[in-house]
Amino acid sequence: MKTFACECGNLLHFENTLCLNCGRDTGFLPDALRMSALAPNRDWDRGEARCALANGRFYRPCRNQRDYKMCNWWVPADDPQEYCASCRLNRLIPDLGQPKNLTLWYRIESAKRRLLYTLYALGLPVTGRDEDPARGLAFEFLADPQAMADEFINEDAPRHRIMTGHRTGVITINIMEAEDSVRERIRTQMNERYRTLLGHFRHESGHYYWDRLIAGSSWLDGFRALFGDERTDYADAMQRYYAGGPAPDWQQSWISAYASMHPWEDWAETWAHYLHMIDTLETAHDFGFSIEGRRLGAVETARAQAASGYGATDAFDAVMEDWGRLSVALNALNRSMGLPDAYPFAVAGQALDKLRFIHAVIHGIER
């Protein structure tokens with residue numbers, strides 16, 4: 001993610017609603033992909049419209065900001081929608097009559113907006129149910145029945161529990177994934193190296209984009225050559241995985257143990273890792289990170305090449321070289337603080353080829 005600055009020069013974080021230096025309201029402008037301070041409109045009476053100092057356009061706060069102080073994305077003043085581009089994708093939200101759910105929902109929305117930023121920045125299609133009722137992207141944030149809350153688990157849960165997952169464009173998140181202690185307990189129980197709320201969004205978005213970019217496309221044969229045949233029975237594959245664990249040599253071909261379960265999960269896991277890498281590298285580049293005297297800038301080079309029509313895959317090796325150096329440094333920094341590795345994975349062999357394929361798909365789609 002890029003870094004942002006207020007017009008007064010103060011650093012703005014992606015979640016900020018106020019500049020602590022100049023006192024102006026701040027928010028994210030989805031159509032401009034940037035944060036901005038907003039000034040009250042004194043010359044043009046449009047209710048709650050504010051002038052974004054970044055581009056001079058007028059915006060209204062999202063209804064979820066007005067009602068719940070939940071969202072810092074703004075809506076163009078001429079847009080008839082009450083909700084911002086992120087919130088209008090919600091189909092179901094938690095029961096806000098439960099006080100704790102407001103906190104969990106805030107965390108979920110923050111992670112979702114970070115996902116959407118990356119999707120927009122990569123030029124990926126984000127189409128809501130209002131535009132495509134059958135296949136458009138939508139989100140449901142649900143809770144287990146209260147009697148089950150203390151026993152919450154995820155992938156191998158009984159059917160009557162809320163399952164985090166994806167189905168025909170609808171991404172469902174069990175809101176207990178936003179409870180840090182619960183999520184860490186699940187991670188330990190399932191022997192996972194990594195489990196975060198943002199990671200869930202990135203993984204489930206991979207399933208959505210498999211349907212959008214791979215199914216029935218010219219990429220399908222290439223997908224099957226690398227990831228396997230997705231027509232393999234999913235229920236059988238899941239049963240084998242949870243009964244016997246991952247393939248013993250999964251490190252040779254898959255980016256994570258869970259990726260070895262089925263070609264669809266392999267794609268979704270690899271997709272999530274690609275988004276992890278690209279977003280983190282963009283952040284490092286924008287903060288001016290250099291390692292061993294070399295600036296991290298391969299992601300920006302890849303985007304410039306894609307925009308000019310030059311083969312974006314030519315930049316993939318440079319992206320991975322940057323990521324290798326940055327992830328080693330991040331892990332070393334975390335260890336210095338007594339924290340777990342920020343990126344506890346090694347990418348090699350066929351997993352690397354799969355990442356290269358995803359890079360090619362993303363930069364090869366029609367703009």
Side-chain angles (χ1 to χ4, degrees), residues 1-2 111-112 114-126 137 166 171 193-215 217 219 222-223 225-228 230 250-251 253-260 262-285 296-306 311-328 330 342-365:
M1 175 169 290
K2 289 185 177 296
K112 184 188 76 175
R114 282 186 172 266
L115 166 71
L116 291 174
Y117 169 86
T118 304
L119 300 181
Y120 291 142
L122 288 171
L124 289 162
V126 180
L137 181 61
H166 167 268
I171 292 175
R193 298 184 179 189
Y194 178 90
R195 190 183 186 96
T196 67
L197 194 52
L198 181 54
H200 279 310
F201 276 101
R202 287 173 173 163
H203 174 98
E204 301 306 337
S205 76
H207 290 300
Y208 172 73
Y209 282 105
W210 191 91
D211 288 345
R212 291 294 305 267
L213 306 179
I214 304 299
S217 77
W219 294 104
F223 167 84
L226 275 173
F227 294 85
E230 80 287 353
W250 67 263
Q251 293 93 338
S253 301
W254 292 279
I255 204 160
S256 70
Y258 187 60
S260 69
H262 186 274
W264 278 334
E265 299 304 339
D266 192 6
W267 164 270
E269 283 286 274
T270 308
W271 175 276
H273 279 250
Y274 184 81
L275 298 189
H276 290 331
M277 295 172 183
I278 294 301
D279 196 54
T280 307
L281 282 169
E282 182 182 56
T283 305
H285 170 77
L296 300 174
V299 166
E300 298 304 312
T301 300
R303 287 180 179 166
Q305 289 180 351
T313 55
D314 296 341
F316 177 77
D317 289 341
V319 169
M320 290 309 300
E321 184 179 347
D322 273 3
W323 178 249
R325 294 185 300 126
L326 178 60
S327 61
V328 168
L330 288 174
Y343 189 74
F345 303 92
V347 182
Q350 197 170 354
L352 186 62
D353 293 335
K354 293 169 183 175
L355 282 168
R356 187 188 305 275
F357 181 81
I358 285 176
H359 182 85
V361 169
I362 288 176
H363 291 286
I365 63 175

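Since we're looking at a predicted model, the values are computed, not measured.
Remark: the His273 side chain and the Tyr343 side chain contain an N/O donor-acceptor pair separated by less than 3.5 Å. With 3.5 Å as the limit, one finds a donor-acceptor pair spanning the side chains of Tyr194 and Thr196.
Atom-to-atom distance recorded for His203:NE2 and Glu265:CD is 4.0 Å, nearest 0.5 angstrom. Ile278 CD1 to Thr118 OG1: the interatomic distance, rounded to the nearest 0.5 Å, is 9.5 Å. Interatomic distance, CG of Leu122 versus OH of Tyr117, reported as 9.5 Å (0.5 Å rounding). Within the model, atoms OG1 of Thr270 and CD1 of Ile358 stand 5.0 Å from one another, a figure rounded to the nearest 0.5 Å. Interatomic distance, Tyr208 OH to Leu124 CG, rounded to the nearest 0.5 Å: 10.0 Å. Rounding to the nearest 0.5 Å places CZ of Phe227 at 12.0 Å from OG of Ser253.
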Applying side-chain contact (heavy atoms from CB on, under 4.5 Å) to Lys354 and Trp267, what does each step give before you reach the verdict? CA-CA 8 Å; Lys354 293 169 183 175; Trp267 164 270; over 6 Å; no
The test is side-chain contact (heavy atoms from CB on, under 4.5 Å); show your working for Asp317 and Glu321 and say whether it passes. CA-CA 6 Å; Asp317 289 341; Glu321 184 179 347; over 6 Å; no
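Judged by distance alone, with hydrogens and angles left aside, the side-chain atoms of His285 form a donor-acceptor pair with the main-chain N or O of Leu296 at under 3.5 Å. Panel note: side chain Asp266, backbone Ser260; no donor-acceptor pair is recorded below 3.5 Å. Without hydrogens or angle criteria, Tyr120 side chain to Leu115 main chain gives no donor-acceptor distance under 3.5 Å. Remark: side-chain polar atoms of Thr280 are not paired, donor with acceptor, to backbone N or O of Met277 under 3.5 angstrom. Under a 3.5 Å cut-off, the side chain of Glu269 and the backbone N or O of Tyr258 do not form any donor-acceptor pair. Put simply, the side chain of Glu282 gets close to the backbone of Met1: a donor and an acceptor are under 3.5 Å apart.
A 4.5 Å side-chain heavy-atom check between Leu355 and Val319 finds every atom pair outside the cut-off.
Using the six-membered ring where Trp is involved, His262 and Trp264 have ring planes that are tilted, between 30° and 60° apart. Classified by interplanar angle (parallel below 30°, tilted 30° to 60°, perpendicular above 60°), the ring pair Phe357/Phe223 is tilted.
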